[in-house]
There are 2 protein chains.
Amino acid sequence: MSPEGARTRRTRSDSVRNRSEILDVAERHFADRGVSASLEAVARDAGVGSATLYRHFPTRDALLVELLDRRTAQVVSDIERLEQMADSGEALAGWMVALEEFFGVFDGLPGPLRDAFLEEHNPLASTCIGFIERTDHFLGAAQRDGKARADVSGRDLFLAALALSWARGSSLAGPDSPARLRALLRDGFAGPDAG
Amino acid sequence: MSPEGARTRRTRSDSVRNRSEILDVAERHFADRGVSASLEAVARDAGVGSATLYRHFPTRDALLVELLDRRTAQVVSDIERLEQMADSGEALAGWMVALEEFFGVFDGLPGPLRDAFLEEHNPLASTCIGFIERTDHFLGAAQRDGKARADVSGRDLFLAALALSWARGSSLAGPDSPARLRALLRDGFAGPDAG
DNA sequence: CGTGAAACGGGGTATGCCTCCGGATCATTA
DNA sequence: TAATGATCCGGAGGCATACCCCGTTTCACG
């Protein structure tokens with residue numbers, strides 16, 4: 001895509017340096033203070049003017065997309081491990097846990113993802129869609145084996161995982177309530193077909 | 001509590017007037033723009049300086065407590081209707097729906113409630129506790145009738161209702177996905193005792 | 001009415017988002 | 001290596017919100 005018809009100039013080195021530095025600092029700040037961390041502070045710590053930050057990432061969500069894509073690679077290994085499992089129901093359950101944990105990397109991450117899920121031209125939407133397709137993959141296999149009810153969709157489970165991760169909250173909730181909520185959800189989607 | 005040992009002066013009439021006006025305007029603004037509506041705007045529309053608003057309600061949550069307590073009366077009628085139901089399982093399900101709808105009165109309400117649920121000295125915490133006790137009431141009856149699994153608590157279901165309401169989101173999600181998520185949860189808590 | 005306790009309100013500080021535009025920087029070409 | 005112009009930078013500034021300080025007003029009481 002870069003070498004289009006007309007000759008194109010190489011990107012300036014300071015630009016790529018700044019972009020990378022911004023991403024590193026943002027990762028740290030988001031991890032420490034959640035997705036609502038001050039972008040001014042990110043720019044400051046990156047040794048960059050705020051305009052530079054906004055030029056590279058017009059919105060907070062654009063920054064999130066990049067950060068999440070970085071982390072996705074790590075999740076891929078989980079996927080591959082799960083795909084080898086004999087029991088498709090267990091694989092689906094494992095995938096749901098992986099999803100929920102992924103949403104926990106930054107405090108407050110479920111919010112933007114849910115909103116992107118609703119809005120149309122949100123850069124995070126494609127990230128969501130990728131996860132939903134993965135979920136459909138595992139769900140479909142489980143459904144074929146009778147290990148999951150037929151009247152749910154990947155979208156539903158994606159939203160459910162998002163909600164579970166949201167419920168876990170930013171601070172430490174009851175230590176075992178996440179597990180119980182997970183069990184609640186599982187006996188829902190792993191149960192009989194009854195409506 | 002008012003007429004303590006020493007004589008106490010009657011509250012100034014402008015004070016009670018302002019307080020009431022602030023509450024009315026806040027109700028409108030929260031309903032229109034969600035729980036994050038500008039408090040400055042509320043004060044302005046109430047014809048009051050911002051300091052007066054903060055004097056009456058030190059935090060946004062304090063305002064929310066008052067507003068929610070007002071609405072609770074309306075929910076009480078639901079409670080009474082549900083308590084008459086023969087099937088305790090249905091009563092529990094109905095209570096969960098009532099909870100979820102209650103959390104939808106203001107956009108973004110589940111967030112503060114979840115946070116109060118975690119923090120200690122949050123004025124909303126008592127509101128949460130009241131709801132949790134109600135939930136325990138319905139849950140206990142259902143459990144005695146074998147209509148609900150024994151390994152969940154009212155806290156769990158309260159959190160689940162909160163999460164469901166959160167998932168529904170501020171904007172219009174898929175029109176039927178809330179119902180499906182509800183079904184998911186129900187077949188979880190209405191299913192067999194299996195762990 | 002007079003009086004003082006109680007409440008008011010506007011303006012002040014602080015923080016964050018986002019944009020403008022003059023000026024610095026870098027890739028390219030010769 | 002030096003000139004050149006496209007590209008990118010950065011800080012100042014406009015705007016919105018939260019929250020507090022303190023001189024002034026208003027009301028309840030006697």
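Throughout, protein chains are lettered first and strands after them, A, B, ... in sequence-line order, and every chain is numbered starting at 1. In what follows, every heavy atom counts, from backbone to side chain, and hydrogens, waters and symmetry copies are set aside.
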**OP:** Write down the distance between CG (A:Asp14) and P (D:dA6), rounded to a whole number of angstrom.
**Re:** 17 Å

Original post:
If you find the nucleotide of DNA chain C closest to B:Arg19 and the one closest to B:Arg9, which residue's nucleotide is nearer the 5' end?
Top reply: B:Arg9

Original post:
Is any side-chain N or O of A:His56 closer than 4.0 Å to OP1 or OP2 of D:dC8?
Top reply: no

Subject >> d(CD, B:Glu21; P, C:dA7) in whole Å >> reply: 18 Å

**OP:** Work out which heavy atom in B:Asp156 is nearest to a heavy atom in A:Leu181; give both atom names and the distance.
**Re:** O-CD2, 3.6 Å

Original post:
Between B:Ser15 and D:dC27, is there a side-chain N or O to OP1/OP2 distance below 4.0 Å?
Top reply: no

Original post:
Does OP1 or OP2 of C:dA7 have a side-chain N or O of B:Asn18 closer than 4.0 Å?
Top reply: no

**OP:** Specify the separation, in whole Å, of atom OH of A:Tyr54 and atom C1' of D:dG14.
**Re:** 14 Å

**OP:** Take the protein atom CZ of B:Arg17 and the nucleotide atom P of C:dC8, then report the distance between them rounded to whole Å.
**Re:** 9 Å

Original post:
Looking only at side chains, do B:Asn18 and B:Thr52 share a donor and an acceptor under 3.5 Å apart?
Top reply: no

**OP:** Indicate, with a heavy-atom threshold strictly under 4.0 Å, whether B:Arg10 touches base, sugar-phosphate, or nothing.
**Re:** sugar-phosphate

Original post:
Is any side-chain heavy atom of A:Leu109 less than 4.5 Å from a side-chain heavy atom of A:Leu68?
Top reply: yes

Subject >> Distance, rounded to the nearest Å, where A:Phe57 contributes CZ and D:dC8 contributes C1' >> reply: 15 Å

**OP:** In whole angstrom, give the distance that lies between atom CZ of B:Arg12 and atom P of C:dC8.
**Re:** 7 Å

Original post:
Does C:dA27 have OP1 or OP2 sitting under 4.0 Å from an N or O in the side chain of A:Ser13?
Top reply: yes

Subject >> Phosphate-side-chain proximity, A:Ser38 and C:dC17, N/O vs OP1/OP2 below 4.0 Å >> reply: yes

**OP:** Take atom CD of B:Glu40 and atom C1' of D:dC19, then tell me their distance rounded to the nearest Å.
**Re:** 8 Å

Original post:
So among A:Ile132, A:Asp69, A:Thr72, which one has a side-chain contact (heavy atoms from CB on, under 4.5 Å) with A:Thr127?
Top reply: A:Asp69

Original post:
D:dC9, D:dA18, C:dT19: which one has an atom nearest the side-chain heavy atoms of A:Ser50?
Top reply: C:dT19

Original post:
So what does B:Arg44 touch, heavy atoms closer than 4.0 Å: a base, only the sugar-phosphate, or nothing?
Top reply: nothing

Original post:
Does B:Ser36 or B:Arg55 map to a spot on DNA chain D nearer the 5' end, using the closest nucleotide for each?
Top reply: B:Ser36

Original post:
Just how far is it from atom NE2 of B:His29 to atom CZ of B:Arg44, taken to the nearest 0.5 Å?
Top reply: 8.5 Å

